[in-house]
Colleague: 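Below you will find the structure I want to go over with you.
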Amino acid sequence: MGLLLIGFSAPAGAATAPSPEVEDSGPTASPAKPDANDIPSETVSRFVEAYMAVVKLIESRELSLQQAETDTESRQMQQEIQAAALDLIQAQGLSLSDYWELLGLANSDPEFRDRVLAQIDEASP
């Protein structure tokens with residue numbers, strides 16, 4: 001299950017690669033990573049809900065994306081997935097930069113990853 005968080009960053013990155021504003025959202029981040037213990041459970045829960053919804057979205061569109069016949073069609077589908085993912089993230093009360101920060105933390109901080117994975121396990125059928 002730990003690979004899910006790491007594995008997700010590649011498809012999401014691929015889907016967001018054409019959009020420079022995703023990469024530009026990070027310069028305001030301070031060099032010090034946020035302390036996983038300082039992140040409220042409510043925020044972790046909202047992140048987990050958003051993350052699971054985005055993963056489900058990507059999985060549901062993956063086959064269509066692979067079957068795109070042209071680069072233009074593929075880019076259009078990626079943009080549609082990006083927009084839908086942003087809607088899912090914002091529906092949980094998170095900004096895109098908050099989501100990326102939490103995803104990065106889940107990928108780099110084992111303690112925070114464990115908190116996220118525990119909630120994913122609880123939410124999974």
Side-chain angles (χ1 to χ4, degrees):
M1 194 71 173
L3 293 178
L4 182 62
L5 287 170
I6 295 168
F8 171 66
S9 59
T16 59
S19 178
E21 48 285 327
V22 171
E23 292 177 18
D24 291 342
S25 66
T28 58
S30 64
K33 293 247 185 228
D35 186 348
N37 294 322
D38 292 341
I39 299 173
S41 294
E42 160 91 17
T43 302
V44 177
S45 296
R46 289 186 290 136
F47 169 72
V48 166
E49 290 295 323
Y51 173 80
M52 290 175 54
V54 170
V55 168
K56 187 174 183 179
L57 168 70
I58 290 170
E59 288 174 350
S60 72
R61 306 267 179 97
E62 189 173 14
L63 184 60
S64 297
L65 190 57
Q66 290 172 357
Q67 293 175 340
E69 294 182 11
T70 65
D71 287 343
T72 302
E73 187 180 353
S74 175
R75 277 193 298 275
Q76 182 178 351
M77 284 184 194
Q78 288 178 8
Q79 289 171 350
E80 291 169 4
I81 293 168
Q82 282 179 296
L86 181 58
D87 288 344
L88 293 170
I89 291 165
Q90 290 175 337
Q92 292 301 322
L94 297 171
S95 69
L96 186 58
S97 61
D98 290 340
Y99 179 85
W100 284 116
E101 181 178 336
L102 292 167
L103 182 62
L105 188 61
N107 280 314
S108 65
D109 184 313
E111 184 179 323
F112 185 68
R113 181 180 318 134
D114 289 345
R115 283 179 69 189
V116 169
L117 290 174
Q119 287 198 22
I120 289 173
D121 287 343
E122 287 177 19
S124 298

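When a residue number appears, it is its place in the shown sequence, counting from 1. These numbers come from the heavy atoms of this one structure, side chains and all, not from hydrogens, waters or symmetry mates.
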Colleague: Which residues pass the salt bridge (charged side-chain N to carboxylate O under 4.0 Å, His left out) test with Arg46, not counting sequence neighbours?
Modeller: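 Residues passing salt bridge (charged side-chain N to carboxylate O under 4.0 Å, His left out) with Arg46: Glu42.
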Colleague: I would like to know whether Tyr51 and Val116 meet side-chain contact (heavy atoms from CB on, under 4.5 Å); could you show each step before the answer?
Modeller: CA-CA 10 Å; Tyr51 173 80; Val116 169; 5.6 Å; no
Colleague: With a 4.5 Å heavy-atom cut-off, do Asp98 and Thr43 have their side chains touching?
Modeller: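 They are not in contact (no side-chain heavy atoms under 4.5 Å apart), so the answer is no.
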Colleague: Mind checking side-chain contact (heavy atoms from CB on, under 4.5 Å) for Ala53 and listing every partner two or more places apart, or none if nothing turns up?
Modeller: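 By the side-chain contact (heavy atoms from CB on, under 4.5 Å) rule, Ala53 matches Leu88.
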Colleague: Taking side-chain contact (heavy atoms from CB on, under 4.5 Å) as the test, write out the residues that go with Gln67, two or more places apart.
Modeller: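 Here the qualifying residues are Leu63.
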Colleague: With sequence neighbours excluded, what pairs up with Asp71 under the side-chain contact (heavy atoms from CB on, under 4.5 Å) test?
Modeller: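 Partners of Asp71 under the side-chain contact (heavy atoms from CB on, under 4.5 Å) test: Arg75.
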Colleague: Return the set of residues passing side-chain contact (heavy atoms from CB on, under 4.5 Å) with Ser74 (not counting sequence neighbours), or none when no residue passes.
Modeller: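 Result, side-chain contact (heavy atoms from CB on, under 4.5 Å) vs Ser74: Leu65, Ala68, Gln78.
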Colleague: Between atom CG of Leu103 and atom CZ of Arg113, what is the distance when rounded to the nearest 0.5 Å?
Modeller: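 One gets 10.5 Å once the value is rounded to the nearest 0.5 Å.
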Colleague: Given Tyr99 and Leu86, is the side-chain contact (heavy atoms from CB on, under 4.5 Å) satisfied, shown in steps?
Modeller: CA-CA 10 Å; Tyr99 179 85; Leu86 181 58; over 6 Å; no
Colleague: May I have all residue pairs that pass salt bridge (charged side-chain N to carboxylate O under 4.0 Å, His left out) and include part of residues 60-70, sequence neighbours excluded?
Modeller: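 Residue pairs passing salt bridge (charged side-chain N to carboxylate O under 4.0 Å, His left out), neighbours aside: none found.
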Colleague: Run Arg115 and Ser41 through side-chain contact (heavy atoms from CB on, under 4.5 Å) and show every step you take.
Modeller: CA-CA 9 Å; Arg115 283 179 69 189; Ser41 294; 4.0 Å; yes
Colleague: Please give me the minimum heavy-atom distance between Ala36 and Leu105, naming the atom from each residue.
Modeller: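 Taking every non-hydrogen atom into account, CA-CD2, 4.3 Å.
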Colleague: Can you tell me how far CD of Gln82 sits from CD1 of Ile89, rounded to the nearest 0.5 angstrom?
Modeller: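 Rounded to the nearest 0.5 Å, the CD1-CD separation comes to 10.5 Å.
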Colleague: In Å and rounded to the nearest 0.5 Å, what is the CD to CD1 distance from Glu49 to Ile120?
Modeller: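 Atom-to-atom, Glu49:CD and Ile120:CD1 are 10.0 Å apart.
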Colleague: Any chance the side chains of Ser97 and Ser95 put a donor and an acceptor closer than 3.5 Å?
Modeller: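 There is such a pair between these side chains.
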